[in-house]
Participant: 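Okay, here's the structure, questions in a sec.
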Amino acid sequence: MCIRDRAKAGHEIVAVYSQPPRPAGRGKALRPSPVHARAQEMGIEVRMPVSLKDAEVQAAFAALDADVAVVAASGLILPRPILDAPRFGCMNIHASLLPRWRGAAPIQRAILAGDNVTGVTIMDMEAGLDTGPMRAKHVTPVEDKTAGALTQELAQAGAALMVEVLDDIALHPPVAQPEEGVTYAAKIDKSESRIDFSRDAHQVERQVRAFNPLPGAFFEYRGERFRILTAHVEEHEGPAGELLDSSLLIGCGHGAIRPTLIQRAGKGAMSAGELLRGYEMPAGSRIDG
């Protein structure tokens, strides 16, 4: 999205740096990243260094003589020679309202924390973890969005905002991040996706949204894993981790959660009603979160 928007805005893109193709799909064939594929479609040179610490890689990057480098979810550490090579340095599209949620998983952490709003920050990169000065922000409500939906929304907003900054950098001078309000968005560990029904139902519902589409919030029942993809909270009370009715209402530490879209291991996503027509989960049963 950012590549297309920058090209449409009249900016010359001298090269694209991307992670090497990774095995994907059932056949595990090598598949380029979406950025890589889009750049190839547009006839833009794609470079795929394993590391940016190599002196030859750094020299090749500097030889591009770029005005600015745009970085989004690169997955590589940018050493000082890379940061300093472009005329205006490296600018990052970060999916949070800095200084809140610096780090790897800002969207998921914002949902898990129950933040009312989040957004995108365009920032100058420096050696610290998302500590650089800010040039622009876009704010959006979190509401009942999943991480997948919010990621797509912020990708669109971030691309547009970056183009706005690049169109007139002088109108977007860097402003230092405030020292107060700093939080860190640690990388999501797969162990976090197991649902703990002893928590408040609202916390469980946020967990479902934060881990949709990946890694997927799940529970186990009769030794089988079930991923909850969407759910809503109901003001029923009952034992945590117990099915409170025959329509998949699950008791939590406070309140209850009712899955509306669910996925059995090895199966496609289906509504709770579709699941229960072919799989009995009677009231009073215990489930393992």
Side-chain angles (χ1 to χ4, degrees), residues 1-2 4-5 34 70-73 91-123 129-167 171-172 175-188 192-193 195 199-217 227-235 252 254-262 269 271:
M1 179 65 186
C2 194
R4 183 187 67 192
D5 284 358
V70 173
V71 182
M91 294 186 192
N92 179 235
I93 305 173
H94 186 75
S96 82
L97 300 175
L98 292 170
R100 186 162 178 80
W101 302 127
R102 295 173 178 172
I107 293 174
Q108 291 91 338
R109 296 300 175 193
I111 294 173
L112 288 170
D115 289 3
N116 292 320
V117 296
T118 188
V120 172
T121 303
I122 305 299
M123 56 167 284
L129 178 63
D130 300 326
T131 57
M134 308 174 294
R135 290 184 180 267
K137 286 187 177 182
H138 169 85
V139 180
T140 189
V142 175
E143 298 173 329
D144 59 353
K145 299 165 189 171
T146 65
L150 201 50
T151 296
Q152 181 64 27
E153 179 181 339
L154 294 182
Q156 301 267 348
L161 190 60
M162 178 60 80
V163 169
E164 181 182 316
V165 171
L166 295 178
D167 281 345
L171 287 179
H172 300 85
V175 176
Q177 294 187 33
E179 295 182 2
E180 296 183 355
V182 175
T183 58
Y184 291 94
K187 183 179 179 180
I188 299 298
E192 296 180 74
S193 60
I195 299 173
R199 296 177 177 177
D200 181 277
H202 290 280
Q203 292 178 297
V204 174
E205 190 273 339
R206 292 198 298 267
Q207 184 181 11
V208 168
R209 288 190 287 115
F211 299 148
N212 179 348
L214 294 171
R227 296 173 64 203
I228 302 179
L229 304 179
T230 60
H232 62 257
V233 173
E234 296 192 8
E235 298 304 319
C252 298
H254 176 67
I257 194 88
R258 189 182 296 279
T260 52
L261 190 65
I262 197 163
S271 69

Participant: Show me the pairs that pass salt bridge (charged side-chain N to carboxylate O under 4.0 Å, His left out) and involve residues 104-119, at least two apart or across chains.
Facilitator: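 As it turns out, the salt bridge (charged side-chain N to carboxylate O under 4.0 Å, His left out) pairs with a partner in residues 104-119, which skip direct neighbours, are Arg100-Asp115, Arg109-Glu192.
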
Participant: Does CD belonging to Glu143 count more than 12 external heavy atoms closer than 6.0 Å?
Facilitator: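 Atom CD in Glu143 is packed in, count exceeds 12.
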
Participant: Give, for atom OG1 of Thr183 and atom CG of Leu98, the distance between the pair rounded to the nearest 0.5 Å.
Facilitator: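 With rounding to 0.5 Å, OG1 (Thr183) is 9.0 Å from CG (Leu98).
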
Participant: After noting the C-alpha distance and the side-chain angles of Thr118 and Leu154, does the key distance pass the side chain to side chain contact (heavy atoms under 4.5 Å, CB included) rule?
Facilitator: CA-CA 9 Å; Thr118 188; Leu154 294 182; 4.3 Å; yes

Participant: Return yes if some donor-acceptor pair links the side-chain N/O of Asn92 with the main-chain N/O of Met123 below 3.5 Å, else return no.
Facilitator: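 Judged by distance alone, no pair lies under 3.5 Å.
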
Participant: With rounding to the nearest 0.5 angstrom, report the CG to CG distance, Asn212 to Leu261.
Facilitator: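 Reported to 0.5 Å precision, the distance equals 8.0 Å.
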
Participant: What's the verdict on side chain to side chain contact (heavy atoms under 4.5 Å, CB included) for Ile195 and Ile257, showing C-alpha distance, side-chain angles and the deciding distance?
Facilitator: CA-CA 11 Å; Ile195 299 173; Ile257 194 88; over 6 Å; no

Participant: Which residue pairs pass the salt bridge (charged side-chain N to carboxylate O under 4.0 Å, His left out) test with at least one member in residues 151-160, sequence neighbours excluded?
Facilitator: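 The answer is Lys145-Glu153.
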
Participant: Is there a donor-acceptor contact under 3.5 Å from the side chain of Thr140 to the main chain of Gly119?
Facilitator: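 Answer holds: no.
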
Participant: Arg227: what forms a salt bridge (Lys or Arg N to Asp or Glu O under 4.0 Å) with it, not counting sequence neighbours?
Facilitator: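 Salt bridge (Lys or Arg N to Asp or Glu O under 4.0 Å) check on Arg227 returns nothing, list empty.
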
Participant: Working to the nearest 0.5 angstrom, can you tell me the gap between Arg102 CZ and His94 NE2?
Facilitator: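 The NE2 atom of His94 is 9.0 Å from CZ of Arg102, to the nearest 0.5 Å.
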
Participant: Atom CD1 of Ile107 and atom CD1 of Ile188: how far apart are they, to the nearest 0.5 Å?
Facilitator: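 The distance works out to 11.0 Å.
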
Participant: Would you please test Glu164 and Ile122 for side chain to side chain contact (heavy atoms under 4.5 Å, CB included) and show each step?
Facilitator: CA-CA 10 Å; Glu164 181 182 316; Ile122 305 299; over 6 Å; no

Participant: Judged by atom type as modelled, is there a donor-acceptor pair below 3.5 Å linking the side chain of Arg135 to the main-chain atoms of His172?
Facilitator: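 Yes; judged by distance alone, with no hydrogens or angles, the pair exists.
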
Participant: Any side-chain to backbone donor/acceptor pair from Ser96 onto Pro106? Under 3.5 Å, distance only.
Facilitator: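 Not at all, since once roles are kept as given, no pair shorter than 3.5 Å links the two residues.
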
Participant: Could you point out which residue of Leu112, Ile111, Thr146 forms a side chain to side chain contact (heavy atoms under 4.5 Å, CB included) with Phe211?
Facilitator: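 It is Leu112, the one option of Leu112, Ile111, Thr146 that forms the side chain to side chain contact (heavy atoms under 4.5 Å, CB included) with Phe211.
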
Participant: To the nearest 0.5 angstrom, please state how far the CG atom of Asp144 sits from the CD atom of Glu205.
Facilitator: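 The CG atom of Asp144 sits 7.5 Å away from the CD atom of Glu205.
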
